[in-house]
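What you see is a predicted model; the values in this text were computed from it and never measured. Excluded from the calculations below are hydrogen atoms, water molecules and symmetry mates; all remaining heavy atoms, backbone and side chain alike, are included.
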Amino acid sequence: TASLDFAMKDVHGVFVVTNFWEHGYEAEVRQGKNAVDAALAAGVAQLIFSSVIHSDLKTGIAHFQIKYEIEKNILSKDIPYTIFRPVSFMENWEYVRASIVAGKINSPFSLATRMQQISVIDIGRFVTLAFNKPEDWLARTFDIASEEYTMKQVVNLFSVVTASPVEFVKTPWDVHEREQGEEMTVMDRWINTEGYNANINMARMELPDMLTLEEYLLQAGW
């Protein structure tokens with residue numbers, strides 16, 4: 001907490017991102033609580049929190065539920081806030097870039113699985129909007145996504161962008177869990193059956209030129 005108090009001294013606004021994957025459930029909740037308390041003590045004019053869409057639903061996904069715990073903590077305090085709830089990140093494709101460039105997408109999803117994504121670049125741009133026009137964004141919780149497509153469309157897009165055929169290889173769920181762990185598998189099973197449901201048209205009304213996946217991939221040198 002001392003490092004947070006120091007960091008927030010004489011600061012106008014704070015953008016909070018907490019990290020389940022490095023620290024786990026209890027530590028992430030503590031990260032969020034400490035950040036909110038420090039911002040409140042410092043009297044910041046605006047706190048913006050990066051949550052996740054559907055954090056308030058009973059998805060059974062631990063790292064979604066944590067974000068909601070932090071959201072509730074923010075709402076319980078007398079602090080000017082904005083909460084953004086993004087879907088999954090386009091940057092996640094970088095983790096499997098070598099495999100895709102080599103011609104294969106390995107996934108437990110079906111080709112019909114519906115996906116919504118956004119680039120972290122555009123998350124940053126939403127945060128900039130909120131800091132620049134707080135009168136439009138204070139006391140708001142807002143879902144953000146830039147594009148929706150099926151897994152089949154993704155495979156086809158990668159073939160176009162890489163100028164080389166990309167094959168879809170379905171990974172059995174038990175193999176996926178051994179490779180990616182329980183938490184990722186619970187989330188991916190939920191995506192495969194329920195999935196994100198952001199209002200993309202509404203998000204684009206606020207930020208019309210969000211990156212499409214194709215634009216992101218070209219910009220990232222794919």
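Across all their heavy atoms, Gly13 and Val11 have their closest contact at O-CG1, 2.9 Å. Closest approach of Lys170 and Ser110 over heavy atoms only: NZ-N, 4.0 Å. Considering every non-hydrogen atom in both Ala203 and Asp143, the closest pair reads CB-O, 4.2 Å. Val87 and Ile118 get closest at one heavy-atom pair: CG2-N, 3.8 Å.
The side chain to side chain donor-acceptor pair (under 3.5 Å) pairs that include a residue from residues 63-81 are Glu28-Lys67, Asp37-Lys77, Ser51-Glu71, Ser55-Glu71, His63-Glu183, Glu69-Lys72, Glu71-Arg85, where partners are two or more places apart or lie in different chains. Residue pairs that meet the side chain to side chain donor-acceptor pair (under 3.5 Å) test with at least one member in residues 192-202, sequence neighbours left out, are Thr113-Asn192.
Distance OG1/Thr212 to CD/Gln219: 10.0 Å, rounded to 0.5 Å. Atoms CG and CG, from Leu129 and Leu207 in turn, are 5.5 Å apart once rounded to the nearest 0.5 Å. Expressed to the nearest 0.5 Å, how far CD1 of Ile74 lies from CG of Leu40 amounts to 11.5 Å. Taking CD1 from Ile70 and CZ from Arg30, the interatomic distance works out to 11.5 Å, rounded to the nearest 0.5 Å. In this structure, the separation between CG on Leu75 and OG1 on Thr141 is 6.0 Å, given to the nearest 0.5 Å. Note that NZ of Lys33 and OG1 of Thr1 are 9.5 Å apart. Values are rounded to the nearest 0.5 Å.
The shortest side-chain heavy-atom distance between Gln117 and Glu147 does not fall under the 4.5 Å cut-off. The closest side-chain heavy-atom distance from Val161 to Leu218 is below 4.5 Å. Taking 4.5 Å as the limit, every side-chain heavy atom of Thr82 sits out of range of all side-chain heavy atoms of Phe142. In this structure the side chain of Asp188 reaches within 4.5 angstrom of the side chain of Trp173, judged on heavy atoms. You'll find the side chain of Leu157 reaches within 4.5 Å of the side chain of Leu213, heavy atoms only. Using a 4.5 Å heavy-atom threshold, the side chains of Met151 and Ile105 count as touching. Counting heavy atoms from C-beta on, the side chains of Val96 and Asn106 never come closer than 4.5 Å.
Using modelled atom types, no side-chain atom of Glu91 and backbone atom of Ser119 make a donor-acceptor pair closer than 3.5 Å. Distance alone, capped at 3.5 Å, places no donor-acceptor pair between the Asp122 side chain and the Arg125 backbone. Between the side chain of Gln116 and the main chain of Ser88, no donor-acceptor pair closer than 3.5 Å is present. Panel note: side chain Thr171, backbone His176; no donor-acceptor pair is recorded below 3.5 Å. A distance-only check finds a donor-acceptor pair linking the side chain of Arg204 to the backbone of Ser146 [under 3.5 Å]. Between the Glu177 side chain and the Asp174 main chain, no donor and acceptor come within less than 3.5 Å of each other. For the pair Ser50 (side chain) and Val17 (backbone), a donor-acceptor distance under 3.5 Å is absent.
Phe158 pairs with exactly one of Phe168, Tyr149, Trp222 by the ring pair (Phe, Tyr, Trp, His ring centres under 6.0 Å) rule, that one being Trp222.
Follow the hydrophobic side-chain contacts under 4.5 Å out from Leu138 and you never reach Phe84; the two are in separate clusters. Hydrophobic clustering places Met115 together with Met187 (ILVMFWY residues linked when any side-chain heavy atoms are closer than 4.5 Å, directly or through intermediates). Linking ILVMFWY residues whenever their side-chain heavy atoms come closer than 4.5 Å, directly or via other members, leaves Phe6 and Val44 in distinct clusters. Leu111 and Ile100 end up in the same hydrophobic cluster when Ile, Leu, Val, Met, Phe, Trp and Tyr side chains are linked at under 4.5 Å. Residues Met90 and Ile200 do not share a hydrophobic cluster, defined by chaining ILVMFWY side chains whose heavy atoms lie under 4.5 Å apart.
Look at Glu206 and Lys133 and you find no salt bridge, because none of the NZ, NE, NH1 or NH2 atoms lies under 4.0 Å from a carboxylate O.
Below 30°, between 30° and 60°, or above 60°: for Phe64 and Trp190 the angle between ring planes is above 60°, a perpendicular geometry.
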Checking Gln180 against Thr185 for the side chain to side chain donor-acceptor pair (under 3.5 Å) test, could you report, in this order, the C-alpha distance in whole Å, the side-chain angles of both residues, the deciding distance, and whether it holds? CA-CA 7 Å; Gln180 301 298 325; Thr185 302; over 6 Å; no
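Inspection of the Trp137 and Gln46 side chains reveals no N or O donor paired with an N or O acceptor under 3.5 Å.
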